[in-house]
Number of protein chains: 2
Amino acid sequence: MARAGQQAGLSRERVLRAAAAIADERGLAALTMRSLAESLGVEAMSLYHHVANKEAVLDGLVEVVMAEVEQAVAALDAPAPEDDWQSALRMRVLASREVLVRHPWAPGVFETRTGASLAVARYFDGVLGLMRRAGFSYELGHRALHALGSRALGFSQELFAPDGMEAPEEVMAAMAEEVPHLVAMVADASHGGAVLGWCDYQSEFEFGLDLILDGLERLREGA
Amino acid sequence: MARAGQQAGLSRERVLRAAAAIADERGLAALTMRSLAESLGVEAMSLYHHVANKEAVLDGLVEVVMAEVEQAVAALDAPAPEDDWQSALRMRVLASREVLVRHPWAPGVFETRTGASLAVARYFDGVLGLMRRAGFSYELGHRALHALGSRALGFSQELFAPDGMEAPEEVMAAMAEEVPHLVAMVADASHGGAVLGWCDYQSEFEFGLDLILDGLERLREGA
DNA sequence: ACCTGAACACCGTTCAAGT
DNA sequence: ACCTGAACACCGTTCAAGT
């Protein structure tokens, strides 16, 4: 693409968009300065004229995702927080989740850049503002932000995937000794029919979210 | 340490303990096969006789931490779940948290090995067993595990640290335009006195945990 | 101002060789 | 069986040089 030895028309924005594309298509591990440069038809070292280093690329990736989130949130037709803050926040979180689901690598990147991003702070500021309009004190709002954590942005940390448990029967039998309750749980769920993919992550996410939102509402009206 | 060219007395366990020590003392980034070998007085390649590769070292690190968690949980004098499941689970989670707090690198490692670890599965099996004894259906127990997520093991994902906000006043002023509610929240909290370290992560964690536990109890008794 | 080639200091890992 | 030295194929990044 680059006219030999001259002007490749690079820019910070083009670099970041290319980085997001690589992460989307080939995973975060495939994103190296060299692969990024190659995808832009340029040598690795050219990138350093537009981003300080790889850390800056990852910071930029957060901005790219958050820009999409902001857009999705802006397009929302949510009730006024004064009328129904739970629906308003719920819609916002789920809109953000839709963006995050399109970029499965995003949570991993977010986790490593805690506190660094103004774009993320802006999002949480919006959530807090919504809660304020619903009558939250700053103190309760603060605690609410902590209680929601990454869930406010639409993702949660699953430490083990019981999905992995639709294993051959013999493996299940061996596991039954180590994790009897989990095995029984899967067995219980499979009475209905197919076990494969029995974890509906979307509905589990919404369950957890509503649990927290309901709890917060109780505290809000109690205050 | 190694008798030149012979018998360094290595073992999988010794390798993993050394790996945990490096992560504890110098951070996860400092843990390389070469640094690990050096800390054991051995060449990097010797490690491969005891662990398959670096991934296996990280898997082993999860085991090391989970062994500590199991020990902490076993030492607990908690009420029977039939009598007070919320206290029983709460104590378990906080015991696990104490271990995790001693190994700040652990959450980062856990996140990258979702579903791989039997030790983690065993922990969640225990949590589910506790809930079963408290009268949870498998279905509600399942949803509860998802709702708790990493919180069951004592940590939660904070995407931004409002702590970082006790900044010079001029920075605060500039930020006020971008994130007015967060700035006002900090200002509100600082009326009492010191802002520095105003986020008490332990109590915020417990707040979020109790919010979920209370919500689950309501569902349990409603069923 | 923007891009490049060669090089440096790292990685994880393989392989053939030592004892 | 266990440990090692040299090497390979990668990283991110620096630097001096090109246009």
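Convention: sequence-line order gives letters A, B, ...; per-chain numbering from 1. Predicted, not measured: the structure shown is a model, and the values here were computed from it.
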For A:His49 and A:Ala30, find the nucleotide of DNA chain D closest to each by heavy atoms; which residue's nucleotide sits nearer the 5' end?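 Whichever sits nearer the 5' end wins; that is A:Ala30.
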
Quick test: give all pairs of protein nitrogen or oxygen and nucleotides 13-16 of chain D nitrogen or oxygen below 3.5 Å, distance rounded to 0.1 Å.
| from | atom 1 | to | atom 2 | distance (Å) |
| --- | --- | --- | --- | --- |
| D:dT13 | OP2 | A:Tyr48 | OH | 3.0 |
| D:dT13 | OP2 | A:Lys54 | N | 2.9 |

Short side-chain N/O contact from B:His50 to OP1 or OP2 of D:dC3, under 4.0 Å: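 Yes, because at least one side-chain N or O of B:His50 sits under 4.0 Å from OP1 or OP2 of D:dC3.
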
For A:Asp210, salt bridge (Lys or Arg N to Asp or Glu O under 4.0 Å) partners two or more places apart: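 Per chain and number, A:Asp210 pairs via salt bridge (Lys or Arg N to Asp or Glu O under 4.0 Å) with A:Arg90.
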
Check the distance between [N]'s [atom2] and [X]'s [atom1] and give it to me in whole angstrom.
X: B:Leu40; N: D:dC3; atom1: CG; atom2: P; value: 10 Å
X: A:Glu38; N: D:dC11; atom1: CD; atom2: P; value: 10 Å
X: B:Leu36; N: C:dC11; atom1: CG; atom2: P; value: 12 Å
X: B:Leu31; N: C:dC10; atom1: CG; atom2: C1'; value: 15 Å

When all nucleic acid strands are considered with a 4.0 Å heavy-atom cut-off, which category describes A:Ser46: base, sugar-phosphate, or nothing?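 A:Ser46: base contact, heavy atoms under 4.0 Å.
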
Within 6.0 angstrom of A:Glu38 CD, more than 12 heavy atoms from elsewhere: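 Atom CD in A:Glu38 is not crowded, with 12 or fewer foreign heavy atoms closer than 6.0 Å.
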
Between A:Arg122 and A:Glu70, does at least one N-O distance fall below 4.0 Å, as a salt bridge requires?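 Yes, A:Arg122 and A:Glu70 are salt-bridged.
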
Tell me whether B:Glu206 is salt-bridged to A:Arg143, with the criterion being a basic N under 4.0 Å from an acidic carboxylate O.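 Judged by the 4.0 Å cut-off on N to carboxylate O distance, B:Glu206 and A:Arg143 do not form a salt bridge.
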
When you measure from the side chain of B:Arg92 to the backbone of B:Ala78, do you find a donor-acceptor pair of N or O atoms at a distance under 3.5 Å?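 No; zero donor-acceptor contacts below 3.5 Å.
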
Short question: side chain of A:Ser150, backbone of A:Phe155 - any donor-acceptor pair under 3.5 Å?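 A pair under 3.5 Å: yes.
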
Report yes or no: is the cationic atom of B:Arg132 (NZ for Lys, CZ for Arg) closer than 6.0 Å to the six-membered ring centre of B:Tyr138, at no more than 45° off its axis?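 Yes.
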
Of the non-hydrogen atoms in B:Ile22 and B:Ala30, which two are nearest, and what is the gap between them?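 Scanning both residues, the minimum pair turns out to be CG2-O, 3.8 Å.
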
All stems with DNA chain D, defined as three or more consecutive Watson-Crick or G-U pairs under 3.5 Å: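 In DNA chain D, stems of three or more pairs: C:4-8 with D:12-16, C:12-16 with D:4-8.
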
